[in-house]
Number of protein chains: 2
Amino acid sequence: MPENSHGNRTQIAAAKLRQMIIAGDLPPGQRISEREISTHLDGLSRTPLREALKMLAAEGLVCISPNRGATVAALSISEVEDILELIVGLEGLAAERACQRISDAEISEIEALHRLMHDAFRDGRLMDYFEINQRIHQEIVDGAGNRELSRIYAAACARIQRYRYAGNRRHERWDRAVAEHDQIVTALKDRDGALLRELLRAHHRNGWRVARILVENELNEGKA
Amino acid sequence: MPENSHGNRTQIAAAKLRQMIIAGDLPPGQRISEREISTHLDGLSRTPLREALKMLAAEGLVCISPNRGATVAALSISEVEDILELIVGLEGLAAERACQRISDAEISEIEALHRLMHDAFRDGRLMDYFEINQRIHQEIVDGAGNRELSRIYAAACARIQRYRYAGNRRHERWDRAVAEHDQIVTALKDRDGALLRELLRAHHRNGWRVARILVENELNEGKA
DNA sequence: ACCAACCACATTGCATGCAATGCGTTGACA
DNA sequence: TGTCAACGCATTGCATGCAATGTGGTTGGT
């Protein structure tokens, strides 16, 4: 039983499309023609595909215009910044709860991820680094023990992931980000919620300062 | 052009179902049979209805089990509390931003709502009171000027609205809540973000302390 | 030469029909 | 009498066909 047979065709289609959008295979603004996409997804019919699109629209990943079809959600700089502000806020809330409630075992798991991230950094495996980095943040949020918070945080991250990582072929700021993560893990181990909160806020602010320029360039190229 | 022809039948069905769930016309755990519900919704076919259900599932308002159909999402006490904690957190984030960014005109609008709420209180119009109350909170959040925050806040409120207001036939705590709202509006006028945040937190905590008992009774009755 | 109305094509929106899955019931056997 | 298996019904899952809407191109007029 392949892992993908998890659930019905609607769920599979939604998962595949979600992944393609998050990874950037389908760029923002890209039209999603029902018939065209259906041929790329095992030739499944339009009905489950439409259901999947409606779900992704509710998640904010695609935009559906009545009688005009679906497109991959294209966010403006300020919309990305709004979502990023939300993410920082959610992480801040989670950080303080996490420092009170997280177990030593969970902290160990995060430390293990942290070491994996260091390895990926040392070996120059950029995509692995990004993925582990994201997982660390998610696990810190999960540490707050609030499933709804975790869900919303994950959904918000998915919406802007492409904007934060897409153009980052070069590892500008990479060493700096790793150093910040060292501090973050230390603050978590010390269970210093207020400090953790501020470190996370600064970490995201610094990261966006770099990514923003790439996104701006990309948007300008799109116009030109 | 009737106001309901806003959008296509999927959107209309979603809006109606959403309203029915939030208002409690469809109680938590209620099975939503596609064919049965379709007859209650102008006899529209199952296809747009299914699309609407998928959207509501993505919003967390309904729960879909593969091959077993949809039910109105039934939340446990702790799930309601998780969402409430999230709401309090989001309001707190919004409160500090709102105190920096909100315009005097928006404050005036909130004050006007506040007076309407007082009127509803004086005249004993409970449902009007609830609705205006909710709108005040939403407008405070909107005052932060972050659309994504506003959207997520609204969605979270929708998920637990029924649990907070459903059983409140009697107006326990009503006068107390109005007094708290007076303080809240004052803090907003003074643009005291930290105070506003704490007032909102206390307001929700006090409100839930009462509503929780009603929800617990309801859940126990359901078992018995 | 430019603009506007019209027509044909492509795409989405929706209804219906059939296949597949789950559930309740009945009947037989231990 | 209790339990398990097989059958039938009801419901969901999906594909397809038709109607409605939007789009682009062409033609006719000014």
Side-chain angles (χ1 to χ4, degrees), chain A residues 1-18 20-21 26-74 222, chain B residues 1-21 26-74:
Chain A
M1 164 160 138
E3 186 60 22
N4 246 353
S5 75
H6 249 320
N8 45 27
R9 302 189 191 197
T10 298
Q11 302 302 326
I12 295 173
K16 284 194 178 179
L17 284 173
R18 196 180 290 118
M20 291 172 77
I21 292 172
L26 292 173
Q30 170 75 48
R31 177 96 185 278
I32 303 179
S33 162
E34 295 177 2
R35 189 168 297 276
E36 178 185 349
I37 287 289
S38 73
T39 64
H40 285 263
L41 260 58
D42 301 333
L44 91 169
S45 81
R46 291 171 51 220
T47 304
L49 177 59
R50 283 174 59 83
E51 291 178 1
L53 287 174
K54 289 292 197 300
M55 289 176 32
L56 297 180
E59 295 172 21
L61 288 174
V62 312
C63 178
I64 297 181
S65 313
N67 288 318
R68 296 191 48 190
T71 58
V72 178
Chain B
M1 166 160 135
E3 186 60 22
N4 246 354
S5 75
H6 248 324
N8 45 26
R9 302 192 190 193
T10 298
Q11 301 303 326
I12 295 173
K16 284 193 177 180
L17 282 174
R18 196 181 288 117
Q19 187 54 39
M20 291 172 78
I21 293 172
L26 292 173
Q30 170 74 49
R31 177 94 186 277
I32 303 180
S33 162
E34 295 176 3
R35 189 170 296 278
E36 179 185 350
I37 287 290
S38 73
T39 63
H40 286 264
L41 260 57
D42 301 333
L44 90 169
S45 83
R46 290 172 53 220
T47 303
L49 177 59
R50 282 174 60 83
E51 291 178 0
L53 286 174
K54 287 291 195 300
M55 291 182 6
L56 297 181
E59 295 172 21
L61 288 174
V62 312
C63 178
I64 296 181
S65 312
N67 289 316
R68 294 190 48 189
T71 58
V72 178

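Letters A, B, ... are given to chains in the order of the sequence lines, protein chains preceding strands, and every chain is numbered from 1. The analysis underlying the following values was restricted to heavy atoms, covering all of them including side chains, and did not include hydrogens, waters or symmetry mates.
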All N/O contacts under 3.5 Å from nucleotides 9-11 of chain D to the protein, with atom names and distances to one decimal?
{"unit_1": "D/dT11", "atom_1": "O3'", "unit_2": "B/Arg31", "atom_2": "NH2", "d": "3.2"}

| Can you list the steps and then say if B/Lys54 with A/Gln11 is a side-chain contact (heavy atoms from CB on, under 4.5 Å)? | CA-CA 10 Å; B/Lys54 287 291 195 300; A/Gln11 302 302 326; 4.1 Å; yes
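- Here the NE2-CE distance, from B/His40 to B/Met20, works out to 8.0 Å after rounding to the nearest 0.5 Å.
- For the atom pair CZ of A/Arg68 and CZ of A/Arg31, the computed distance is 8.0 Å after rounding to the nearest 0.5 Å.
- Distance B/Gln11 CD to C/dG13 P: 9 Å, rounded to the nearest Å.
- Among the nucleotides C/dA15, C/dT12, C/dG17, the one closest to the side chain of B/Ser45 is C/dA15.
- In this structure, the nucleotide among C/dT12, D/dG13, D/dT16 sitting nearest to the side chain of A/Thr47 is D/dT16.
- Going from atom CG of A/Leu49 over to atom NZ of A/Lys16 covers 12.0 Å, rounded to the nearest 0.5 Å.
- Note: A/Leu17 CG to A/Ile32 CD1 = 6.0 Å, rounded to the nearest 0.5 Å.
- Among the atoms of the strands shown, only primed sugar atoms or phosphate atoms (P, OP1, OP2) are found under 4.0 Å from some heavy atom of B/Ile32.
- For the atom pair B/Leu53 CG and A/Met55 CE, the distance stands at 12.0 Å (nearest 0.5 Å).
- In this structure, CD of A/Glu51 is placed 13 Å from P of C/dG13, rounded to the nearest angstrom.
- End-to-end axis angle for the helix from C/dA1-D/dT30 to C/dA30-D/dT1, using five pairs per end and rounding to 10°, comes out at 10°.
- When each of D/dA15, C/dA15, C/dG17 is scored by its nearest atom to the side-chain atoms of A/Arg9, the top-ranked nucleotide is D/dA15.
- Partners of A/Ala73 according to the side-chain contact (heavy atoms from CB on, under 4.5 Å) rule, which considers only residues two or more places apart in sequence or in another chain, do not exist here.
- Going from atom CZ of B/Arg46 over to atom P of D/dA15 covers 14 Å, rounded to whole Å.
- Atom CD1 of residue B/Ile37 and atom CG of residue B/Leu26 lie 5.5 Å apart, to the nearest 0.5 angstrom.
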